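Given the structure is predicted, the values throughout are model-derived calculations rather than measurements.
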Amino acid sequence: MQEVSESIRNGRGKAELRALSIVVIGRNEGARLAKCLDSIAKVRSVVVREIIYVDSASTDGSAELAFQYGAIVVVVRPERPTAALARNAGWRQAESDLVLFLDGDTVLHKDFPQAACDALSGDPSIAAVWGHRREIHPEASIFNRVLDLDWVYKPGLTEFCGGDVLMRRKALLETGGFDEALIAGEEPELCRRIRAHGYTILHIDHPMTGHDLQITRWSQYWRRATRAGHAYAEVSERYRGSNDPSWTSERRGNLIRGSFWPISLAIALFTDIHFGFLPFALWLALLLLLSVRSGWKARWKEGSFWTLFLYGIHSHLQQVPILLGQLQYEVNKKQGRTRKLIEYKARRAN
């Protein structure tokens, strides 16, 4: 890796190549981080000026691993670690005008940096470019399979991006970067401020990263959705009543859908006492019918009926933990408490 990195750095003077800095963030990523850094070494047609790895107080040797790969290592040890804080620590040290952000559990497609740079060079109003992120192991669990489809979006101008994205450093400076107080949802929130400065966000039709979600248990799935609910509540509250009320409609919709399923289930189970199995059967039939409809609407994402059916169930049942995350945010706010990072991924050393 060190030899490859050195050859990339030696190409800095080639006028035909675009230079960029790569910021990788991680916390106890282990072998996933090694795969990420290996993939960076394979990029083509761009100059990687530097690789900056920002570690959020890992205890598995991730910082030492990144140093061995030749990365500039920045270790942050805040009382309340967030991805936003780590990303800010990275891009503020970057030398290039273009900064590629990666999560430490991703594998970079070797041609994405060039494709993203081409898109940026063609339009100075574009501040951020992202591509397709897909799961590396969708077959590992039902959760991986359905959540893989959550990464699928149609190309074109968008209101948001995810954690893997190429950004202009100028736009980061103008907006102040990511909001370090957010434990989730920091990328869409930043995109909202970027768009307020007159920039656009572009999703290109090109593979970007493979992601190692590694969700194999219901409890992990539940915590991840709870974190999403917390993000909906916190971000939407900030811009409520503005001319661009980010996530307000999503938050309201979730309050309805997330309440409907547990309340209707409770009613069905209670009325079973008088009407037998019929109320629960009707509740289950409604869930399955709506899941089929949701899966049908998402058929452009996937060709497998079984996967689409599971995705449809996920699209409805996830509303319950998302609602719980919203309620937890409201309770913590009233009690003057700040929620710590919600982690769902198990540590893996090898």
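- Note on Arg193 versus Glu159: no salt bridge recorded, every NZ/NE/NH1/NH2 to OD/OE distance being 4.0 Å or above.
- Between Arg337 atom CZ and Gln328 atom CD the span is 9.5 Å, to the nearest 0.5 Å.
- Taking the centre and axis of the six-membered ring of Trp296, the NZ or CZ atom of Arg299 falls inside the cone set by 45° and 6.0 Å.
- A donor-acceptor pair under 3.5 Å is formed between the side chain of Ser141 and the backbone N or O of Ile215.
- By the 4.0 Å N-to-carboxylate-O rule, Arg27 lies too far from Asp55 to be salt-bridged with it.
- The distance from the CZ atom of Phe143 to the CG atom of Leu310 is 10.5 Å, given to the nearest 0.5 Å.
- Between the CG atom in Asn88 and the CG atom in Leu172 there is a gap of 8.0 Å [rounded to 0.5 Å].
- Within a 6.0 Å radius of CG in Asp123, other residues, nucleotides and ligands contribute more than 12 heavy atoms.
- The pair Lys35-Asp212 does not count as a salt bridge, with every side-chain nitrogen at least 4.0 angstrom from each carboxylate oxygen.
- Taking 4.0 Å as the cut-off between side-chain N and carboxylate O, Arg195 and Glu174 do not count as a salt-bridged pair.
- Counting all heavy atoms, side chain and backbone alike, Leu120 lies closest to Ala127 at CD2-C, 4.2 Å.
- A donor and an acceptor atom, one from each side chain of His137 and Glu139, are located under 3.5 Å apart.
- Residue Ile204 is grouped with residue Leu102 when hydrophobic side chains (ILVMFWY) are merged at heavy-atom distances under 4.5 angstrom, including chains of intermediate members.
- Distance CG/Leu65 to CG/Leu37: 6.5 Å, rounded to 0.5 Å.
- A salt bridge links Arg87 with Glu187; the closest basic N to acidic carboxylate O contact falls under 4.0 Å.
- Below 30°, between 30° and 60°, or above 60°: for Tyr311 and His314 the angle between ring planes is between 30° and 60°, a tilted geometry.
- With hydrophobic clusters built from ILVMFWY side chains whose heavy atoms lie under 4.5 angstrom apart, Trp222 does not share a cluster with Leu327.
- No hydrogens or angles considered: a donor-acceptor pair under 3.5 Å links the side chains of Tyr69 and Asp38.
- Checked against the 6.0 Å centroid criterion, the rings of His203 and His132 qualify as a close aromatic pair.
- The line from CH2 of Trp218 to CD1 of Ile142 is 11.0 Å long, rounded to the nearest 0.5 Å.
- Looking only at distances, no side-chain donor or acceptor of Arg252 sits under 3.5 Å from a matching main-chain atom of Trp247.
- Within 6.0 Å of the NZ atom in Lys301, the count of heavy atoms belonging to other residues, nucleotides or ligands exceeds 12.
- At distances below 3.5 Å, at least one donor-acceptor pair connects side-chain atoms of Ser242 with backbone N or O atoms of Tyr239.
- Electrostatic pairing of Lys333 and Glu330 counts as a salt bridge here, judged by a charged N lying under 4.0 Å from a carboxylate O.
- A donor-acceptor contact closer than 3.5 angstrom is absent between the side chains of His109 and Thr209.
- To the nearest 0.5 Å, atoms CD1 (Ile194) and OG1 (Thr175) are separated by 5.0 Å.
- Sorted by first and then second residue, the salt bridge (Lys or Arg N to Asp or Glu O under 4.0 Å) pairs with a member in residues 161-170 read Arg133-Asp164; sequence neighbours excluded.
- Residues meeting the ring-ring contact (aromatic ring centres under 6.0 Å, His included) test with Trp151, sequence neighbours left out: His211.
- Taking the six-membered ring where the residue is Trp, the centroids of Phe270 and Phe275 are separated by 6.0 Å or more.
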